[in-house]
**Student:** 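To start, I am sharing the structure in question, which I have written as structure tokens.
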Amino acid sequence: MQILTPHVYWAQRHGEIYLRVELSDAKVGQSTTSSRLFSGHGAKGDNEYEFSLEFLRPVRSEINHKSTQRQVDIKIKKQEEHWWDRLTLQEKKPLFLAPDFDRWLDESDAEMELQAKEEEKINRISVESRVPYLGLKKGYLFMYNLVQFLGFSWVFVNMTVRLFILGQDSFYDTFHTTADMMYFCQMMAMLEVINPLLGLVKTGFFPAMIQVTGRNVILFVIFGSLEEMQNKPVVFFVFYLWSTIEIFRYPFYMLACIGTDWKLLTWLRYSLWIPLYPLGVIAEAVAVIQSLPIFDETRLFSFPLPAVLGHSLSFSYSLQLYLVLMFLGLFINFRHLYKQRRRRYRSRKRKVH
Ligand SMILES: CCCCCCCCCCCCC[C@@H](O)CC(=O)SCCNC(=O)CCNC(=O)[C@H](O)C(C)(C)COP(=O)(O)OP(=O)(O)OC[C@H]1O[C@@H](n2cnc3c(N)ncnc32)[C@H](O)[C@@H]1OP(=O)(O)O
């Protein structure tokens, strides 16, 4: 039987040579780096086919070949990563050899491809090396937000159900039914001041500090230490305003931790504060004002003074100063939240276009 020569197409990269032999249902026989033997169906029917090539530069001895129904794909590694001017040692191209335009790249395109692969590899390595830390951070934040969401939801649902059942009567015992959960959530919220310090979230330290300190003064100092305050309706309004925003804010953060974003939830997180924040500060201010005569009367936390100046300085003076700070805090955080809202919607619009 006559041994024929198949059509061979070639392309190169810096590190390898690709040969495509046009033979269907071919079986690869004896193969060396310079010559190959095939049996298969080619241009002249079922036959034995063979070709040999003397490469321009040395190649490695291991050869990868894959036979498909239509062709045989051969990949040969160059000894050195180098761009070749041509495939064969002899300048004149053998007749059976042609460029493989499906794979063809010129030197600069191949370089770009190499660079892109290199960058992808570096990115993968750097992400992989950060994964344990990233996983831990996201896991911690997700759990923190989940716990806060559950805590504030419990307060919100409890108060709503009691409001429907008892009507206005529910205003008077909000503290006794929900304070333990609110204590827990607000103690946990101290982590919101620590998180930006550790670089775990992008929140500003001061807005978080103002927020957490502001609420904790109301919860622990005004409501927690004065029994006379605990059955006042103002507790209901303060707790309701706090929990209303948090049942949207924490799920928004939970979704952010897993890289998801629900438009409506995002809108609620970045819009509800507009009416709620001023209302919240007003409710907190009412609580502070209602507590002033009680601190004057009970002398709780009063500051001892020398006898010539009187017995002690009532804590209510500190609270009057605090009232001024509250409105300063409202201004700072309102501006901060406004900026966060604008940044959110500006950057999202940019991403869309
Ligand atoms: C220094 C001495 C202080 C003395 C204090 C004196 C006066 C105090 C007066 C204070 C008045 C307080 C009144 C207040 O109690 C009334 C109310 O709360 S009424 C109810 C309405 N309230 C609200 O709407 C406020 C809710 N709270 C907040 O929004 C935050 O606490 C606040 C710090 C104000 C703002 O949040 P933040 O700066 O974090 O903005 P973002 O939500 O946009 O987040 C920025 C990016 O960080 C990511 N992030 C943040 N936290 C988390 C988290 N826990 N888990 C995961 N990711 C988080 C977030 O996704 C953003 O990332 P990206 O930019 O990539 O989207």
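None of these values were measured; they are calculated from a predicted model. Counting starts at 1 for both ligands and their atoms, following the listed order.
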**Student:** Taking 4.0 angstrom as the limit, do Asp173 and Arg162 come out as a salt bridge?
**Tutor:**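 A salt bridge links Asp173 with Arg162.
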**Student:** Could you work out, with ring pair (Phe, Tyr, Trp, His ring centres under 6.0 Å) as the rule, every residue matching Phe220, not counting sequence neighbours?
**Tutor:**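 Per chain and number, Phe220 pairs via ring pair (Phe, Tyr, Trp, His ring centres under 6.0 Å) with Tyr183.
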**Student:** Distances only, to 0.1 Å: what are the N or O pairs between ligand 1 and the protein that fall under 3.5 Å?
**Tutor:**
from: ligand 1; atom 1: 15 (O); to: Arg215; atom 2: NE; distance (Å): 3.4
from: ligand 1; atom 1: 15 (O); to: Glu284; atom 2: OE2; distance (Å): 2.6
from: ligand 1; atom 1: 18 (O); to: Gln211; atom 2: NE2; distance (Å): 3.2
from: ligand 1; atom 1: 18 (O); to: Arg215; atom 2: NE; distance (Å): 3.4
from: ligand 1; atom 1: 18 (O); to: Arg215; atom 2: NH2; distance (Å): 2.7
from: ligand 1; atom 1: 29 (O); to: Arg269; atom 2: NH2; distance (Å): 2.7
from: ligand 1; atom 1: 31 (O); to: Arg249; atom 2: NH1; distance (Å): 3.4
from: ligand 1; atom 1: 38 (O); to: His336; atom 2: NE2; distance (Å): 2.6
from: ligand 1; atom 1: 39 (O); to: Thr203; atom 2: OG1; distance (Å): 2.8
from: ligand 1; atom 1: 39 (O); to: Tyr253; atom 2: OH; distance (Å): 3.4
from: ligand 1; atom 1: 40 (O); to: Gln340; atom 2: NE2; distance (Å): 3.0
from: ligand 1; atom 1: 42 (O); to: Tyr253; atom 2: OH; distance (Å): 2.6
from: ligand 1; atom 1: 42 (O); to: Arg269; atom 2: NE; distance (Å): 3.1
from: ligand 1; atom 1: 42 (O); to: Arg269; atom 2: NH2; distance (Å): 3.0
from: ligand 1; atom 1: 43 (O); to: Tyr270; atom 2: OH; distance (Å): 2.5
from: ligand 1; atom 1: 43 (O); to: Gln340; atom 2: NE2; distance (Å): 3.1
from: ligand 1; atom 1: 54 (N); to: Asn145; atom 2: OD1; distance (Å): 2.9
from: ligand 1; atom 1: 55 (N); to: Asn145; atom 2: ND2; distance (Å): 2.9
from: ligand 1; atom 1: 64 (O); to: Arg343; atom 2: NH1; distance (Å): 3.2
from: ligand 1; atom 1: 64 (O); to: Arg343; atom 2: NH2; distance (Å): 2.7
from: ligand 1; atom 1: 65 (O); to: Lys202; atom 2: NZ; distance (Å): 2.7
from: ligand 1; atom 1: 66 (O); to: Arg344; atom 2: NH1; distance (Å): 2.8

**Student:** Do you know which of Leu300, Val221, Leu292, Asp296 makes side-chain contact (heavy atoms from CB on, under 4.5 Å) with Phe315?
**Tutor:**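 Running side-chain contact (heavy atoms from CB on, under 4.5 Å) over Leu300, Val221, Leu292, Asp296 with Phe315 returns exactly one hit, Val221.
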**Student:** Are any of the side-chain nitrogens in Asp85 or Arg57 under 4.0 Å away from the carboxylate oxygens of its partner?
**Tutor:**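 Salt bridge: no.
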**Student:** Can you list everything that forms a salt bridge (charged side-chain N to carboxylate O under 4.0 Å, His left out) with Glu81? Sequence neighbours excluded, please.
**Tutor:**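 With neighbours one apart ignored, the set is empty.
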**Student:** Strictly by ring pair (Phe, Tyr, Trp, His ring centres under 6.0 Å), give each pair with a member in residues 252-283 just once, sequence neighbours left out.
**Tutor:**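 Matches after skipping sequence neighbours: Phe252-Tyr270, Trp273-Phe334.
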